[in-house]
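Since the structure is predicted, the reported quantities are computational estimates derived from the model, not experimental observations. Counting from 1, the numbers follow the sequence of the chain as shown.
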Amino acid sequence: MYTLLKKITLLRKVIVGGFLSIGFLLMVLVNTIILGGKVMLKDYFIVFGLTSIISLLIIAPLWSALSDFISERTTKHYKNKVIMSCLLHLLGGILMLFFITVILDPGSYRNFFSVDVNYSLMILYMFYSMVPALAFWLADRLFLQYINKQIQ
């Protein structure tokens, strides 16, 4: 059964990305409704939809599978594998911030590491990019535990 789980790893991660995309989309909808009507819902859905599809359904599952592969190969103990996988997911969240910034504004990569950047704002953006990465890692772990319980 363990080999079956290994074969469906990428499918599992795409399913987790789909659930998280729906969850984050609902969160944006609720926040927009609570914050008021001056913000256009259509604009939020378009921007969030594009970044969600690119990040949570394509790049995040690939990065997650790569981080799990690296953690499996480099560590022996289960706790170390889990910690290594979590840290690699967080690194992926930070890298995702850079790539999404480049995709949405191609000229911005030149200013991303410039001297006059507000570093407190940059740290805040990094924190905001690590939250979905941590949520993806946690949801994937919970989904894997659920699958394991269903198989046994």
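- Tracing side-chain contacts under 4.5 Å through hydrophobic residues (I, L, V, M, F, W, Y), one reaches Phe143 starting from Leu20; they form part of the same cluster.
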One pair to check against side chain to side chain contact (heavy atoms under 4.5 Å, CB included): Leu134 and His89. What are the steps and the verdict? CA-CA 7 Å; Leu134 188 62; His89 276 80; over 6 Å; no

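- Annotation: side chain to side chain contact (heavy atoms under 4.5 Å, CB included) contacts of Val131 (sequence neighbours excluded): Phe127.
- The side-chain hydrogen bond (donor to acceptor under 3.5 Å, both in side chains) search around Ser71 returns none, not counting sequence neighbours.
- Using a distance-only test at 3.5 Å, with no hydrogens or angles considered, no donor-acceptor pair links the side chain of Ser85 to the main chain of Lys81.
- Rounding to the nearest 0.5 Å places OG of Ser64 at 13.5 Å from CD1 of Ile59.
- Pairs of residues two or more places apart, or lying in two chains, that qualify as salt bridge (Lys or Arg N to Asp or Glu O under 4.0 Å) and include a residue from residues 125-142 are Arg12-Asp140, Lys13-Asp140, Asp68-Arg141.
- Residues in residues 127-139 take part in no salt bridge (Lys or Arg N to Asp or Glu O under 4.0 Å) pair, two or more places apart or across chains.
- Residues satisfying the side chain to side chain contact (heavy atoms under 4.5 Å, CB included) test with Phe19, not counting sequence neighbours, are Ile15.
- For the atom pair CD1 (Ile70) and OG1 (Thr75), the distance works out to 11.0 Å, reported to the nearest 0.5 Å.
- Between the CG atom of Leu90 and the CE atom of Met96 there is a distance of 12.5 Å, given to the nearest 0.5 Å.
- In plain terms, the two heavy atoms of Leu56 and Pro61 that are nearest each other are O-CD, 3.4 Å.
- When all heavy atoms of Trp63 and Gly92 are compared, the pair lying nearest together is NE1-CA, 3.2 Å.
- Atoms CD and OG1, from Glu72 and Thr74 in turn, are 9.0 Å apart once rounded to the nearest 0.5 Å.
- Just one residue in the list Asn80, Leu87, Leu88 forms a side-chain contact (heavy atoms from CB on, under 4.5 Å) with Met84, and that residue is Leu88.
- Taking Leu142 as the reference, Leu138, Gln145 meet the side chain to side chain contact (heavy atoms under 4.5 Å, CB included) condition, with sequence neighbours excluded.
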